[in-house]
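For reference, the structure is listed below as structure tokens.
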Amino acid sequence: QQQVKQSPQSLIVQKGGISIINCAYENTAFDYFPWYQQFPGKGPALLIAIRPDVSEKKEGRFTISFNKSAKQFSLHIMDSQPGDSATYFCAASTASKLTFGTGTRLQVTL
Amino acid sequence: DSGVTQTPKHLITATGQRVTLRCSPRSGDLSVYWYQQSLDQGLQFLIQYYNGEERAKGNILERFSAQQFPDLHSELNLSSLELGDSALYFCASSVEGYSNQPQHFGDGTRLSIL
């Protein structure tokens with residue numbers, strides 16, 4: 001059962017643009033929502049995370065927006081750079097188990 | 001570098017065989033998690049250990065088992081291997097293993113079954 005739905009599957013953004021990736025969840029027991037960045041041949045690297053009592057969290061160029069009532073959260077990458085080209089996974093955690101979205105392959109073009 | 005070390009990086013074996021994947025968590029982390037990443041199933045949680053004890057189980061097959069040793073390193077044992085077990089296997093660790101603690105991933109072991 002897919003409990004975390006992620007979209008889009010792939011995304012092409014010009015350098016300097018804003019990249020937006022969306023996720024939706026069903027299980028209201030989830031209590032922690034991290035985003036991971038994965039480069040080819042590497043493991044997922046924790047990018048930023050949010051708890052459900054917060055509506056927004058910003059770290060540098062990365063912002064999570066969280067809508068508890070809609071059970072949705074999104075990642076915004078401001079001023080996207082070619083070095084941001086990677087696969088991004090949203091995730092949701094309950095009882096310490098992470099449930100991942102299906103991933104978004106981001107390509108930032110010059 | 002996440003501080004989580006996984007060995008080997010690549011493993012090639014045949015159907016029916018048994019393999020052992022090893023993980024050393026970050027210094028100070030007591031909890032270890034195993035995940036499988038495949039093209040058709042995505043990233044899936046397999047099992048969690050905390051300070052040597054099994055804490056949570058996910059979609060782990062009966063042919064698979066894991067343990068965490070007193071020095072906190074963990075091993076994932078895969079037996080009676082099938083072609084469908086070909087995947088990336090990741091280990092992650094966190095400080096205490098509570099739900100809202102960050103998990104840090106190693107670079108994985110790529111398992112290829114011929």
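Note on naming: letters A, B, ... go to the chains in the order of the sequence lines (proteins, then strands), and numbering restarts at 1 for each one. Here the structure is a predicted model, which is why all the values come from computation and not from measurement.
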Under 6.0 Å between the ring centres of Phe100(A) and Phe45(B)? no
d(Gln44(B) CD, Leu98(A) CG) to nearest 0.5 Å is 13.0 Å
What part of Ala95(A) lies closer than 4.5 angstrom to a heavy atom of chain B: side chain, backbone, both or neither? backbone
Whatever's closer than 4.5 Å to a heavy atom in chain B on Pro44(A) counts as both
More than 12 heavy atoms of other residues, nucleotides or ligands under 6.0 Å from CG of Leu114(B): is that the case? yes
Any link between Tyr89(B) and Val32(B) through a network of hydrophobic side chains (Ile, Leu, Val, Met, Phe, Trp, Tyr) touching at under 4.5 Å? yes
Could you state whether Ile18(A) and Ile64(A) fall into the same hydrophobic cluster, counting links through intermediate Ile, Leu, Val, Met, Phe, Trp or Tyr residues with side-chain heavy atoms under 4.5 angstrom apart? no
Cut-off 4.5 Å, heavy atoms of chain A, and the answer for Tyr50(B) is neither
What do you reckon, is CZ of Arg61(A) surrounded by more than 12 foreign heavy atoms closer than 6.0 Å? yes
Exercise: identify the closest heavy-atom pair between Asp31(A) and Asn100(B): O-CB, 4.3 Å
Could you measure the distance from the CD atom of Gln38(A) to the CD atom of Gln37(B)? Nearest 0.5 Å is fine. 4.5 Å
Measuring heavy-atom distances to chain B, does Leu46(A) have an atom under 4.5 Å in its side chain, in its backbone, in both, or in neither? side chain
When you measure from the side chain of Gln103(B) to the backbone of Ser96(A), do you find a donor-acceptor pair of N or O atoms at a distance under 3.5 Å? yes
With a sphere of 6.0 Å drawn around CZ of Arg26(B), does it hold more than 12 non-hydrogen atoms of other residues, nucleotides or ligands? yes
Gap separating the CD1 atom of Ile47(B) from the NZ atom of Lys97(A), nearest 0.5 angstrom: 10.5 Å
Shared hydrophobic cluster, Tyr88(A) / Met78(A) (ILVMFWY, side-chain heavy atoms < 4.5 Å): no
Do Trp34(B) and Leu11(B) share a hydrophobic cluster (ILVMFWY, side-chain heavy atoms under 4.5 Å, transitive)? yes
Checking heavy atoms, do the side chain of Tyr36(A), its backbone, both or neither come under 4.5 Å from chain B? side chain
Proximity breakdown for Lys9(B) and chain A, heavy-atom pairs closer than 4.5 Å: neither
Identify which part of Phe89(A) has an atom lying under 4.5 Å from any heavy atom of chain B, answering side chain, backbone, both or neither. side chain
Within the 4.5 Å heavy-atom criterion, are Tyr32(A) and Pro102(B) side-chain neighbours or not? yes
Can Leu75(A) be reached from Ile20(A) by stepping across I, L, V, M, F, W or Y side chains whose heavy atoms are under 4.5 Å apart? no
